[in-house]
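One structure is given here, and the rest of the page talks about it.
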Amino acid sequence: MSADQFVQYLVTGLYQGSIYALVALGFTIIYAVTKIINFAQGEFVMLGGMISFILLDSVGIPMYCSIPLSILISTAIGAFLYTLAIRPARRASVVSLIIITIGAAIFIRGIVGELWGVDNERPPYFTGQESIAFLGAYIHPQALWIIGTTILVTIMLYLFFSHTMVGKALKACAISPVAAGLVGINARTMALIAFALAAAVGAIGGVVTAPLTFTSYQAGLMLGLKGFVAASIGGFKSQVAAVIGGFTLGIVENLAVGVDWGPFTSSYKDAIGIIVLLLILLIRSGRLAAEESIS
Amino acid sequence: MQNYIKYLVALTLVVALIAVGCIGCGGEEEETYKVGAVFALTGPASNLGVPEEQTVKMMVDQINDAGGINGRPLEVIIYNTETSSEKCATMVNRLIEQDKVLAIIGPSTSGASLAILDTVTTAKTPLVSCAANIGIVQPVEERYWIFKTPQTDKEAVTEIYIYLEEQGFTDIALITDTSGFGAAGRDILVADAADYGLTIVDDQTFTSGDTTMQSQLTHIKGTDAEVVICWATDKESAVVALDMQTLKMDTPLFCSHGIANMDFIEQAGTAANGVIFPAGKLLIIDDVPATDPQKEVLTTYKADFEALYGEGTINTFGGHAYDALSMVVIALEGMEEGLSLADARAAVRDGLENDVKNWPGTGGVFTMSPTDHLGMAPGSLAMIEIVDEEWTWLK
């Protein structure tokens with residue numbers, strides 16, 4: 001592996017990791033407040049990309065309008081998902097609610113496939129396609145947009161959770177729903193906000209990544225899976241941990257391609273992520289058991 | 001008493017209605033030739049299934065407007081496989097048991113085709129598949145009831161390798177999809193390279209649906225490869241082409257016949273320029289010399305299809321269905337009258353094997369025989385280069 005190649009693997013890993021991070025952020029927001037793992041998170045990303053493409057291509061709205069509009073519509077869909085599917089079943093166990101989100105994901109995929117077709121779509125790049133040289137590696141301008149957006153979204157989420165009343169209320173729900181209820185925080189409203197926020201973050205990921213990765217009705221499946229792995233690496237704990245989880249997964253996966261380890265060729269690119277996850281879960285389950293025995 | 005009469009009248013009416021209904025369907029069943037079709041109209045392979053369905057619908061209208069086959073109308077019952085092998089198996093059973101079709105054309109994908117081989121063989125119903133995998137018709141002793149029309153990966157690989165050998169290339173790098181299509185292509189690429197004096201200097205793979213192949217390409221960039229060969233469907237191939245553009249790799253990119261549709265060019269944009277791939281002559285029919293045996297059938301099919309579905313909608317996948325249904329029609333034309341369903345199915349099978357001789361279709365010139373259920377003559381594929389986002393005939 002030459003130095004140029006090494007930098008290229010890192011750069012590609014960083015950009016692919018940003019995509020995973022944007023998905024992982026959504027997982028973490030909903031999990032923190034409701035303890036639900038929302039398997040429709042990848043679908044929010046897909047919706048963001050698909051709706052912005054449809055608005056741009058079929059409706060003919062310019063890009064600077066179609067993108068915010070697409071994020072707004074996806075946010076509304078996230079709120080609807082909570083109101084129509086999760087809230088009526090709120091007395092069910094968390095596992096049942098997780099299964100509902102899987103059903104919702106299949107439903108959203110089906111509807112989008114029926115409405116807008118099953119082709120792969122590629123919205124235009126934000127700022128051209130001439131790649132930028134960087135320390136012997138090359139990066140696509142859209143990939144810079146993706147990395148930048150991830151960092152910006154993470155900072156904004158941090159500020160939201162630590163400096164606004166709603167954000168603090170959400171955090172309170174995450175720490176102790178009972179105590180939050182005692183001080184007058186409505187858990188249902190908070191859950192609704194969490195779903196809407198996660199959908200918004202997912203949709204932002206969708207609009208910014210679709211020009212580079214393409215989007216289609218089933219794009220959410222793979223993204224959801226990778227985002228889930230990233231969120232697990234981050235421990236579903238905080239937004240920053242989720243982003244670090246995404247970057248770790250992206251960089252490890254792409255470096256794995258460069259390291260020719262006997263039989264370990266690029267076929268193992270996706271397996272590497274799962275192996276990292278397994279290792280982390282093993283270490284963590286040991287620690288969890290230790291914590292439990294102490295308490 | 002009056003009530004009793006009312007009931008009697010009502011009952012008579014019901015019986016009469018049922019009787020009329022039965023005569024209607026019974027008569028129809030005797031008159032039409034029923035052929036079944038299973039295509040992937042939705043799901044990942046719908047870019048194959050939809051033009052196949054459009055082609056079949058067009059052909060049925062054309063055949064029936066011209067008086068049908070042996071004076072009988074042709075009916076093709078089309079079911080959607082949703083790109084699922086399980087769904088396909090269910091639909092094939094329905095075609096065989098309920099619809100009692102004489103032959104089945106499709107399915108669109110190799111996976112679904114391989115999954116139904118046993119079903120159609122047990123039911124002794126001829127199948128003409130529209131999918132690529134060579135295993136669909138080989139070993140031919142076990143594939144007594146199965147035929148297929150598209151070129152196989154083997155023919156496509158051979159066409160590329162002959163071209164590379166002629167151009168004097170020796171070192172090649174592979175980048176292939178780990179899915180069925182990519183993996184099958186990779187096996188042939190690896191097995192045949194030495195026969196054409198080619199050395200595989202790098203052999204990279206990726207999972208379908210992955211968002212970038214930059215790392216695999218970076219790996220290839222570090223080798224002496226003179227040529228990159230990508231074996232995948234259109235979307236993944238487009239990502240490879242775009243990533244090569246991003247990485248500023250000027251190594252020539254060769255792709256599979258899986259990119260033989262406009263979607264590839266739409267997705268890859270300017271990155272598609274310079275990509276070379278083997279495909280049926282349909283795509284560049286205007287460049288094909290008039291002496292070519294396929295010129296006439298290709299020109300007619302293209303004109304008819306585009307008159308119905310719009311300019312520029314033509315693709316080779318619909319052509320595979322055109323060839324499949326045409327062969328079934330040839331077999332039906334030679335069939336005797338008044339056979340039982342089982343005998344008629346056997347007669348269609350015999351017709352497919354013995355009556356399709358030197359027949360020019362859209363995918364090639366076909367000669368079926370008991371030892372070859374594809375029967376495609378060499379030279380049926382053209383090498384195509386994408387120049388200014390258009391297909392151009394290279395060889």
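Reminder, nothing fancy here: chain letters follow the sequence lines and each chain counts from 1.
- Note that CD1 of A/Ile19 and OG1 of B/Thr211 are 4.5 Å apart. Values are rounded to the nearest 0.5 Å.
- Atom OH in A/Tyr217 sits 6.5 Å away from atom OG1 in B/Thr42 (nearest 0.5 Å).
- Within 6.0 Å of CH2 in A/Trp145 there are 12 or fewer heavy atoms belonging to other residues, nucleotides or ligands.
- A distance of 7.0 Å separates OG1 in B/Thr212 from CG in A/Asn254, rounded to the nearest 0.5 Å.
- In terms of heavy-atom pairs under 4.5 angstrom with chain B, the leader among A/Leu212, A/Leu223, A/Asn120, A/Thr213 is A/Asn120.
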Report task. Verify side chain to side chain contact (heavy atoms under 4.5 Å, CB included) between B/Leu242 and A/His140, making sure each step is shown before the conclusion. Result -> CA-CA 10 Å; B/Leu242 283 162; A/His140 197 287; 5.9 Å; no
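- Within the model, atoms NZ of B/Lys235 and CZ of A/Phe214 stand 7.0 Å from one another, a figure rounded to the nearest 0.5 Å.
- If you measure heavy-atom distances from A/Glu121 to chain B, you find no contacts under 4.5 Å at all.
- Using a 4.5 Å cut-off between heavy atoms, B/Ala268 contacts chain A through its backbone alone, with no side-chain atom that close.
- Residue B/Asp243 does not touch chain A at all, counting heavy-atom pairs closer than 4.5 Å.
- Looking at A/Gln129 and B/Thr270, their side chains do bring a donor and an acceptor atom within 3.5 Å of each other.
- Only the side chain of A/Tyr20 comes within contact range of chain B, with heavy atoms under 4.5 Å apart.
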Requested in this report: Report the C-alpha distance between B/Asp210 and A/Gln16 in whole Å, list the side-chain angles of each, state the deciding distance to 0.1 Å, and finish with yes or no for side chain to side chain contact (heavy atoms under 4.5 Å, CB included).
Outcome: CA-CA 10 Å; B/Asp210 203 352; A/Gln16 201 169 18; 2.7 Å; yes
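- Considering CD of B/Glu266 and CG of A/Asp119, their distance stands at 8.0 Å, rounded to 0.5 Å.
- Summarising the local packing, CD of B/Glu390 is surrounded by 12 or fewer heavy atoms from other residues, nucleotides or ligands at distances under 6.0 Å.
- Proximity to chain A (any heavy atom under 4.5 Å) is shown, for B/Thr83, by neither the backbone nor the side chain.
- Using a 4.5 Å cut-off between heavy atoms, A/Thr12 touches chain B through backbone and side chain atoms alike.
- Put simply, the side chain of B/Gln245 does not reach to within 4.5 Å of the side chain of A/Ser131, judged on heavy atoms.
- Contact annotation: the side chain of B/Gln214 never approaches that of A/Tyr138 to less than 4.5 Å [non-hydrogen atoms, C-beta and beyond].
- By the 4.5 Å heavy-atom criterion applied to side chains, A/Val257 and B/Gln204 are counted as neighbours.
- Of all heavy-atom pairs spanning A/Val118 and B/Ser46, the tightest one is CG2-OG, 2.6 Å.
- Residue B/Lys221 qualifies as enclosed at atom NZ: its count of foreign heavy atoms under 6.0 Å is above 12.
- For A/Glu114, the CD atom sits in a loose shell: 12 or fewer heavy atoms of surrounding residues, nucleotides or ligands are nearer than 6.0 Å.
- The NZ atom of B/Lys248 sits 3.5 Å away from the CD atom of A/Glu130 when rounded to the nearest 0.5 Å.
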